[in-house]
Undergrad: 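What follows is a structure written as structure tokens; I'll ask about it next.
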There are 2 protein chains.
Amino acid sequence: MTPRKQMSLGLSMRYLGYHAAAWRHPQVDPAGASDYDHFLNVARLAEAAKFDMVFLADGIGIRAKDEPEGSLCRSAQTAELEPLTLLSALAPMTKHIGLVATASTTYNEPFHVARKYASLDRISRGRAGWNIVTSWSDAEARNFNRDQHLDYDTRYERAAEFVEVVKGLWDSWDEDAFVRDQDTGIFFDPGKMHVLNHQGRHFKVRGPLSVARSPQARPVLVQAGASEQGLEIAAASADVVYSAPHDIDTAKAYYANLKARLARYGRAPGDLLVMPGFTPFVGRTEQEARDKYDQLNALVDPLLGLSYLYGQMGDLSGYPLDGPVPEPMDAEVKSIARNLLTLARRDNLTIRQLYTQTAAGFGSRIVIGTPKQIADEMEAWVAAEAADGFNICPAALPIGLEDFATLVIPELQRRGVFRSDYAGATLRENLGLRLPGSRYAAA
Amino acid sequence: MTPRKQMSLGLSMRYLGYHAAAWRHPQVDPAGASDYDHFLNVARLAEAAKFDMVFLADGIGIRAKDEPEGSLCRSAQTAELEPLTLLSALAPMTKHIGLVATASTTYNEPFHVARKYASLDRISRGRAGWNIVTSWSDAEARNFNRDQHLDYDTRYERAAEFVEVVKGLWDSWDEDAFVRDQDTGIFFDPGKMHVLNHQGRHFKVRGPLSVARSPQARPVLVQAGASEQGLEIAAASADVVYSAPHDIDTAKAYYANLKARLARYGRAPGDLLVMPGFTPFVGRTEQEARDKYDQLNALVDPLLGLSYLYGQMGDLSGYPLDGPVPEPMDAEVKSIARNLLTLARRDNLTIRQLYTQTAAGFGSRIVIGTPKQIADEMEAWVAAEAADGFNICPAALPIGLEDFATLVIPELQRRGVFRSDYAGATLRENLGLRLPGSRYAAA
């Protein structure tokens, strides 16, 4: 009997979960998103459940009160902790779980990113990951000397170059460069120091990095490429891709499309894991699961709901809540907005219905059911080559994670499709990914 | 009897200590500067000794092998961990000690700095500090899209504006802004959200920050102002100033000069602490102390020694090692270079003697003696208004700290000039500094 295909699992833990009203749930600490102990608890629960990694999405700006009424985000999103700082602080308090922090290629410099993630990789003994984003909101642009966000092409061109520079800096030192011979006084071998001397369109970076080669050589690169340029960056460099398909057919098409691009970059299909996100509502019975979903939805008020649509769809506060969803006004329609629109048209949703559904999972797919139903679906997606694993986005934390960990994970383990203990020492090893070689290695 | 004036103590812990040959000492782990456990051990020793804070100096670039022979730094400086990542990882493993990380105003954006330090302040429950530097080396410039570092005036003008923006962002939210009322659905009070809308010469930053007001309201601001512009930034904003005087008279003049500038910014002399750095060599007898000094100096070889002078004095490898120290060629003479030159002229030093002395403390003052001698001198400096405390820069870690903690600290405690236990909950409280008010507070 062939062993069944193993799945990888990530836990997305930003804010207090993916449901906009999570903070109002009676079992949730509404101040948790600002509190280290909340995240420590979540990370430890995820590690006890043998998740591959915890993940923090990020944006570097929030909407301010000088914007339209419909935009102000009246939820836990307004006060959080910065991802890299937080994950560094979780590193010594965990042992096995991967730590994936988002950093924007539009508002950072590659040397800082290379240095900080290499440091986190050393501190965590090989558990760091970088989720590469280009940022798209004006709220972010306005904190970084701009009025509006950069246009799409420039952002992605910059991102592609940024990633290449970071990868180059991570190769600054061969693994055995540091001799540290106290007797002879030779600290390192200059022949094993590599100076990048990058000169590109967006960056001029000499190097070398002042951090020794880290345990994973290259922290795990995560991406969520949906556009053509995003898919190419993913194919060229990503180890893991978070996708946001709303059904198995879209997921299969995306999976096939992305995996087919790998060969062009000299990579095998197994070098990149596709992990669609979903928000589970789990109950011992289907009714119990649905009740959990309804309980949270009842806590969404219209102002909050509209603010969740604002980022993708603009200000809809002038439209009747129980009327149809209008076309977005912004010429550059984001892929999430496309997903939302498709959903609204398909199910003939009103604005209120759309925001309730969006607020329930921040645009991520919602799966409601018993442990068996959810495990069946996860297995089916993996078998159909729609997914190599999943990025679990609980609606509310820690309760959504507790439900998933106590009810679904044991079911997956029983079926032999998810680990019962960590086998690898690093995140890469747990994900089954190869250790990258250095660009300077002798052929 | 008036209680004797208390002194504050910081511990500088970059690399493996301030002596260039520290890594060659038989009791030092030569790989420690890349190793989290080394720093954890040092931070815990410092906390057990009741230091106010640990401090990480920083530079964002190292010299590469395409530069002159004399420049390549053949020591532990080539492989380290990034300060903010490292101090975040130390936060949950310590309880009382302040965590001061350096970040450059030349190669960062104020929004990132405000957000990361506010997060560290929350994670550490009020123990974060930011050492403000402008960076001055070409090695750094070349990692950030430039060929040479920015000119002095532009750097300091940018720094002054940068600090104002960061302080403004830290006032984004009143302390009681987050209501988080689960029943009414009110997460925050929009009247207590403040939008900075900064538009200056170097930065345009809207805000607000996405981090709630942190326990110290403002992480402790540290500076090392020596120039006119540096002193003004310190007088306007710094809570702590690290200075590098080589004798008590220079220290007194610096102290008086800086404290006199505070009134112009509406600040009292006690609002800023002056903490000169020094590198102690402590022994039970004077001879034992001197032996420790000589033991490390004997481990400095010429190539290493010259690399230590390179940053301030340029490449001296073409001059006879046992000849006099030439004038620096660089038109913009850094203050550290001035100090070095003064020293060389005063004591009629050869290049070899100067680099040995420099390598022994990285330009910081060296104090060799018994616990009584060192405590006497520290007390005398505080009594003479030359210092409010000291930034201890051990020659080698952890041994230099162990010596100081076991021999000198108990002597200071016996004299009643240093705490026997932490009294405050935050770094600010332990330093005896006021909690800053918000710029938006009603008068």
Side-chain angles (χ1 to χ4, degrees), chain A residues 23-24 26 30-31 34 36 40 60-62 64-66 72 74-76 78-82 84-86 88-89 91-93 107-109 111-112 115-116 119-120 122-123 142-146 173 178 180 182 185-188 190 193 195 203-208 210-212 299 301 304, chain B residues 23-24 26 30-31 34 36 40 60-62 64-66 72 74-76 78-82 84-86 88-89 91-93 107-109 111-112 115-116 119-120 122-123 142-146 173 178 180 182 185-188 190 193 195 203-208 210-212 299 301 304:
Chain A
W23 71 274
R24 294 184 70 185
S34 292
Y36 173 72
L40 177 59
I60 335 160
I62 52 175
K65 59 185 172 181
D66 49 2
L72 199 59
R74 293 160 188 273
S75 80
T78 37
E80 55 177 349
L81 298 169
E82 190 277 332
L84 204 54
T85 324
L86 175 54
S88 299
M93 306 294 276
Y107 303 117
N108 276 296
E109 290 290 331
F111 197 88
H112 286 311
R115 190 171 177 231
K116 286 185 159 82
S119 295
L120 179 58
R122 293 197 71 83
I123 291 169
R142 289 183 190 134
N143 292 328
F144 295 92
N145 308 321
R146 300 182 53 85
W173 298 94
F178 292 97
R180 301 188 180 103
Q182 292 180 312
I186 294 172
F187 195 78
F188 65 85
M193 171 205 256
V195 186
F203 302 106
K204 197 160 98 181
V205 179
R206 192 186 61 164
S210 53
V211 183
L299 297 170
D301 72 41
L304 178 60
Chain B
W23 71 274
R24 296 186 67 185
S34 291
Y36 173 73
L40 177 59
I60 335 162
I62 53 175
K65 58 185 172 181
D66 48 2
L72 198 60
R74 292 159 189 273
S75 81
T78 36
E80 55 178 349
L81 298 168
E82 190 276 332
L84 204 54
T85 323
L86 174 55
S88 299
M93 304 294 276
Y107 303 116
N108 275 296
E109 289 290 330
F111 197 88
H112 286 310
R115 190 171 177 232
K116 285 185 158 83
S119 296
L120 179 58
R122 293 198 71 84
I123 290 169
R142 290 182 191 135
N143 292 327
F144 294 92
N145 308 320
R146 298 182 55 85
W173 297 94
F178 292 96
R180 301 188 181 102
Q182 291 179 314
I186 294 172
F187 194 79
F188 66 86
M193 171 205 257
V195 185
F203 301 106
K204 196 159 98 180
V205 179
R206 192 185 64 165
S210 52
V211 184
L299 297 170
D301 72 39
L304 178 60

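None of these values were measured; they are calculated from a predicted model. The sequence lines fix the lettering, A, B, ..., with proteins before strands; numbering per chain opens at 1.
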Undergrad: Drop me the distance from B:Arg180's CZ to A:Trp23's CH2, to the nearest 0.5 angstrom.
TA: 9.5 Å
Undergrad: Chain A: which of B:Asn108, B:Leu84, B:Leu120 shares the most heavy-atom pairs with it under 4.5 Å?
TA: B:Asn108
Undergrad: Any Lys/Arg nitrogen of A:Glu80 or B:Arg115 sitting under 4.0 Å from an Asp/Glu carboxylate oxygen of the other?
TA: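 Judged by the 4.0 Å cut-off on N to carboxylate O distance, A:Glu80 and B:Arg115 do form a salt bridge.
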Undergrad: In terms of ring plane angle, is the pair A:Phe144 and A:Tyr107 parallel, tilted or perpendicular, where the classes change at 30° and 60°?
TA: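 Parallel: the ring planes of A:Phe144 and A:Tyr107 meet at under 30°.
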Undergrad: What part of A:Ala91 is in contact with chain B, defined as an atom under 4.5 angstrom from a non-hydrogen atom: side chain, backbone, both or neither?
TA: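 For A:Ala91, no heavy atom lies under 4.5 Å from chain B.
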Undergrad: Below 4.5 Å, heavy-atom pairs only: which of A:Asn143, A:Leu299, A:Leu40, A:Val205 has the largest tally toward chain B?
TA: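 Ranked by contacts with chain B, first place is A:Asn143.
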Undergrad: Select, from A:Ala31, A:Ala212, A:Gly61, the one with the greatest count of heavy-atom pairs under 4.5 Å involving chain B.
TA: A:Ala31
Undergrad: Identify which of B:Met93, B:Gln182, B:Arg122 forms the greatest number of heavy-atom pairs closer than 4.5 Å to chain A.
TA: B:Gln182
Undergrad: Take the angle between the ring planes of A:Trp173 and A:Phe188 and call it parallel below 30°, perpendicular above 60°, tilted in between.
TA: perpendicular
Undergrad: I need the residue from A:Lys116, A:Glu109, A:Arg146 with the largest number of non-hydrogen atom pairs under 4.5 Å to chain B.
TA: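 Heavy-atom pair counts peak at A:Lys116.
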Undergrad: Out of curiosity, B:Thr85 OG1 to B:Tyr36 OH, how far, rounded to the nearest 0.5 Å?
TA: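 Going from OG1 on B:Thr85 over to OH on B:Tyr36, the span is 12.0 Å.
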